[in-house]
Number of protein chains: 2
Amino acid sequence: MNMNDESNDRKINMKMLAKELNLSIATVSRALKDSYEVSDQTKARVKEAAARLNYVVNTQASSLRSHKTYTLAIVVPEIGDSFFTQVINGIESVADKKKYRVLICMTHDSYEREISVINELTNGRVDGVLISVASNTRNGDHFNALKRKGIPILFFDRDFKEINAASVKTDDFESAYNATCHLLDNGCKKISLITVRGGVSIFSAREEGYRQALIDNHSKPGLPDIIHCANEHSDDNIAMIRDHLLKARPDGLLLTVEHLSTDAYTACQLLGLKIPADIKIACFTTQLTAGILNPALTTIQQPAFEMGQKAAELLIEYLTYKYIQLENQHLVLPSRLILRDSTSLT
Amino acid sequence: MNMNDESNDRKINMKMLAKELNLSIATVSRALKDSYEVSDQTKARVKEAAARLNYVVNTQASSLRSHKTYTLAIVVPEIGDSFFTQVINGIESVADKKKYRVLICMTHDSYEREISVINELTNGRVDGVLISVASNTRNGDHFNALKRKGIPILFFDRDFKEINAASVKTDDFESAYNATCHLLDNGCKKISLITVRGGVSIFSAREEGYRQALIDNHSKPGLPDIIHCANEHSDDNIAMIRDHLLKARPDGLLLTVEHLSTDAYTACQLLGLKIPADIKIACFTTQLTAGILNPALTTIQQPAFEMGQKAAELLIEYLTYKYIQLENQHLVLPSRLILRDSTSLT
DNA sequence: TTTATTTACGTAAACGTTTACATTTTAAAT
DNA sequence: ATTTAAAATGTAAACGTTTACGTAAATAAA
C-alpha cells in the first residue's frame with residue numbers, strides 16, 4: 001500500500017466519478033439508479049468505475065435531497081429479550097430484501113426515553129417507525145407529533161390504543177385463557193397471575209384471559225390473585241414472588257413476561273418448592289432455553305419472527321405504494337402453547 | 001387539534017425559526033449550539049422558540065455539512081446473544097452520556113455480510129465503528145478500507161489480528177485454562193472442548209487455554225479432544241455433540257460459546273446422561289438463565305457490560321481529543337468463573 | 001476625541017446528492 | 001432533405017445545515 005492509495009481513497013464522490021468518466025454528475029447519479037434515461041453502455045461504464053473506485057453513495061446527502069431514507073426505526077424497550085430480538089430479526093429479514101435499513105432504538109422501558117427517542121425521529125432520519133411501547137407510557141402526544149410530520153407508525157406486540165395506527169399483535173386474551181385452562185386441567189386449584197406494572201394493553205388482555213378462564217371454570221374464592229412486578233429482572237421481583245408464594249400458597253403461576261421466569265424459578269428454589277409437584281408454572285416467552293430449564297418450562301410461544309416480518313411488510317408496502325390505508329391494518333397472529341414438564345401431571 | 005396545528009407542524013427548519021425571530025439562520029444555528037458568539041438574551045429567545053415549535057435539527061444536513069455524525073456503529077454477529085446484548089447496552093450507556101447515538105448492525109456471522117455492512121459505513125454515516133468480527137472472516141481488506149477513509153475502528157471480544165487497531169477483550173486463555181483446571185479438580189479425566197468453526201482469535205485462545213491446562217495436569221491419552229460446531233443453535237450441533245458423547249465418552253465438556261449450552265444439554269438429555277454425575281459441563285456465557293437450568297450451569301462469565309463501556313469510552317475519547325494513539329490501546333478484562341451444579345462433585 | 005478591541009450578528013459558500021428543465025444527439029417519419 | 005419524435009446527456013437549483021469571513025455597534029484604551 002503506497003501513499004497514493006491512502007490519499008485516493010479519502011472521499012470519493014459523484015463529482016470525482018463524473019470527472020473520471022467525462023460525464024455530468026446528473027448522468028452519473030441516474031446511471032447508478034438504473035434510470036431509463038441513460039444508455040446501457042454509459043450505465044456499464046459508470047458502474048464499473050464506481051466499483052473500481054469503491055464509491056459508495058452518501059446517504060445523508062441523498063436523503064436530504066430526496067426526502068427518502070430507506071431506513072425504518074425499530075423502537076423496543078430492550079434488546080436483551082428474546083422476543084424483541086426475534087421480532088427485530090424478522091423485520092430485518094424483509095427490510096433487507098426490500099433494500100431498507102433498520103435503526104434500532106431502545107427506550108429501556110421508560111416513557112421519558114421513549115418521548116426523546118421518538119422526538120429525535122421526527123427529523124427525517126427514517127421513513128417509518130415500528131414500535132413496541134414502554135410499559136409506563138401514559139400519553140400518546142409524541143406519537144401524534146410523529147404522525148403529523150408525515151412519518152407512519154406501526155405498533156407491534158405492545159400498542160397504545162389511544163392512537164389510531166396499524167398494529168401487529170398476538171392473541172393475548174386467548175392464549176392466556178388457554179394457558180390458564182391448561183393449568184386448571186392439570187389439577188391447579190389456585191392459580192396466581194404474575195405480571196408487570198404499567199398500562200400496556202397486551203398485559204391487560206392477558207390478565208383478562210386469565211380472569212375469564214377462572215370464571216368459566218368456577219374458580220375457588222380468593223381468585224383471581226394478581227401481583228405486579230417491575231418490568232425488569234430484579235431481586236425485588238424475587239422477594240415479591242417469594243412473599244406471595246408464602247402468603248397465598250398458589251399451586252399454579254401464569255407469568256406474562258419472559259424475564260419473570262428466572263425470578264419465579266428462583267423464588268421457588270428459595271422456598272424449596274418442587275415444580276411441578278408443588279406448583280406448576282407457565283410463561284409467555286420465546287426463549288430457546290425454556291426446554292432445558294429445571295424443569296423444562298411450559299411456554300406460550302409467540303410468533304415473534306413472523307410478527308416482525310408482517311410488520312415490516314405492511315409498513316414497506318405502505319411506503320412503496322401509498323394506496324393501502326395503513327391505519328386500518330390490524331393483524332393478530334396466534335401463539336402456541338408448548339407443554340413441558342413445569343405443568344405436567346404429577 | 002385544528003388544521004393549523006397540522007400544517008404548522010409539517011417541517012419546521014432553521015429558516016422558519018429565523019424568520020419567526022427576525023434573526024439570521026447563522027445566529028439561530030449558533031444559538032442552538034450555545035456558541036459564545038451569541039448573547040445570552042438571544043440564546044434564550046431562540047431556544048424558547050425552538051421548543052415551542054418542536055424544532056429538531058436535521059441530522060443529515062448537519063452532518064453533511066460538518067462531517068460529524070455523533071453516531072457510532074456497533075457491528076455484531078447477532079443480537080440474539082446475551083453477551084452481545086450486554087455489550088451493546090454498555091456501549092449505549094456511555095454513548096448516551098456523551099451525546100452520541102448508536103447504529104446497531106448485524107452480520108449474522110457471515111463474512112460476506114460483514115463486508116457489505118462495513119462498506120456501507122464508509123459513506124460517512126458514522127464517526128467510528130465498534131465491531132466483533134464474524135467467525136469466518138478471513139481477510140481484513142474491508143477494515144483497512146474503513147481506516148483509509150479516516151473512520152476509526154475498535155474490536156471488542158472478537159478481533160481480527162492482522163489489523164492494527166484498538167481492542168477490548170477478555171482473558172480468554174486464562175479463563176479457559178482455569179475452567180479446565182476446575183473440571184479436572186472436580187474429578188474429570190476426559191474433557192472435550194466443544195467450540196465453533198472459524199478463525200476468530202478468541203476461540204483459538206480459549207482452545208489454547210484448554211490445551212495448556214491439560215498439559216500442565218498430565219492429561220490422559222486421547223486428549224485434547226476438540227469438536228467444531230456451527231456458530232448458531234442447530235439440530236446438527238445437537239447430533240454432532242451426541243455422536244461425540246457416544247464415541248469419545250468424555251466426562252467433562254468445556255463449551256466456548258453461549259448457544260452451545262442448549263445443544264449440549266439437549267444432547268445429554270437424549271442420551272440419558274446425568275449432569276454432573278455422568279458428565280460435567282462449563283460454558284462461556286453471560287445468560288441470566290444459567291442459574292435456573294437443569295442443573296444450574298457453571299459459567300465463565302465475561303464482563304460484557306463493562307467491555308461495552310470501556311470500548312465506547314476509548315473510541316469517544318479518541319474522537320473528542322485526537323491525542324490518544326487509538327491503535328495502540330489494547331484492554332483485557334478479567335472474566336469470572338461462576339461455580340454451579342453442572343460441575344459439582346458427586 | 002480617535003483608535004483599537006470586543007461583542008453580536010449577517011452574508012454567502014459550502015457539504016454531496018437529486019431532479020425539473022433545457023439542450024444536444026440520434027433515429028424515425030415525412 | 002426536412003421535420004418530428006425519442007433518447008441521452010447537461011445545467012443549475014434545491015435539500016437544511018455549518019462556518020469562514022465580513023461588518024456594525026458597543027466598549028475599552030490611547
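Computed from a predicted structure; not experimentally measured. Just so we're on the same page: letters track the sequence lines, and every chain starts at 1.
- Rounded to whole Å, the distance from CE on A:Met14 to C1' on D:dT9 is 15 Å.
- Side-chain proximity of A:Arg30 to the nucleotides C:dT18, C:dG16, C:dA20 is greatest for C:dA20.
- Applying the 4.0 Å criterion to OP1 and OP2 of D:dG16, one finds that B:Tyr55 has every side-chain N and O outside that range.
- Side chain of B:Ser62, nearest nucleotide from D:dA8, D:dC15, D:dT17: D:dT17.
- For the pair B:Lys147 and B:Phe143, the NZ or CZ position fails the cation-pi test of under 6.0 Å to the six-membered ring centre and within 45 degrees of the ring normal.
- At D:dT18, one or more side-chain N or O atoms of B:Lys33 fall inside 4.0 Å of OP1 or OP2 (strictly under the cut-off).
- The interatomic distance linking B:Asn58 (CG) with C:dT17 (C1') rounds to 14 Å, in whole Å.
- Residue A:Ser29 places none of its side-chain N or O atoms closer than 4.0 Å to OP1 or OP2 of C:dT17.
- A residue-by-residue look at B:Glu37 and B:Ser66 shows that B:Glu37 has its nearest nucleotide of DNA chain C further toward the 5' end.
- For the pair A:Thr42 and B:Gln60, both in contact range of DNA chain D, the more 5′-proximal nearest nucleotide belongs to A:Thr42.
- A donor and an acceptor atom, one from each side chain of B:Arg125 and A:Thr59, are located under 3.5 Å apart.
- When the side-chain nitrogen and oxygen atoms of B:Ser39 are compared with OP1 and OP2 of C:dT7, none of them lie within a distance under 4.0 Å.
- Following rounding to the nearest Å, B:Leu64 (CG) and C:dT18 (C1') show an atom-to-atom distance of 13 Å.
- Within the structure, every side-chain polar atom (N or O) of B:Ser63 is placed at least 4.0 Å from both OP1 and OP2 of D:dT17.
- If you take CG of B:Leu32 and P of D:dT19, they are 13 Å apart, rounded to a whole angstrom.
- Spacing between atom NZ of A:Lys15 and atom P of D:dA12 amounts to 14 Å, rounded to whole angstrom units.
- Look at B:Asn13 and you'll find a side-chain N or O under 4.0 angstrom from OP1 or OP2 of D:dG16.
- Among the atoms of the strands shown, base atoms are found under 4.0 Å from some heavy atom of A:Ile25.
- Between B:Leu17 atom CG and C:dG10 atom C1' there is a gap of 17 Å when expressed in whole angstrom units.
- By the 4.0 Å N-to-carboxylate-O rule, B:Asp34 lies close enough to B:Lys47 to be salt-bridged with it.
- Checking D:dT18, C:dG10, D:dC15 against the side-chain heavy atoms of B:Ser24 singles out C:dG10 as nearest.
- DNA chain D is contacted by both A:Val38 and B:Thr27; A:Val38 maps to the nucleotide lying nearer its 5′ end (nearest heavy atom per residue).
- In the set D:dG16, C:dG16, D:dT9, C:dG16 carries the atom at the smallest distance from any side-chain atom of A:Lys11.
- Counting non-hydrogen atoms of neighbouring residues, nucleotides and ligands closer than 6.0 angstrom, the NZ atom of B:Lys169 exceeds 12 such neighbours.
- Between the side chain of A:Arg45 and the backbone N or O of A:Leu21, at least one donor-acceptor pair lies under 3.5 Å.
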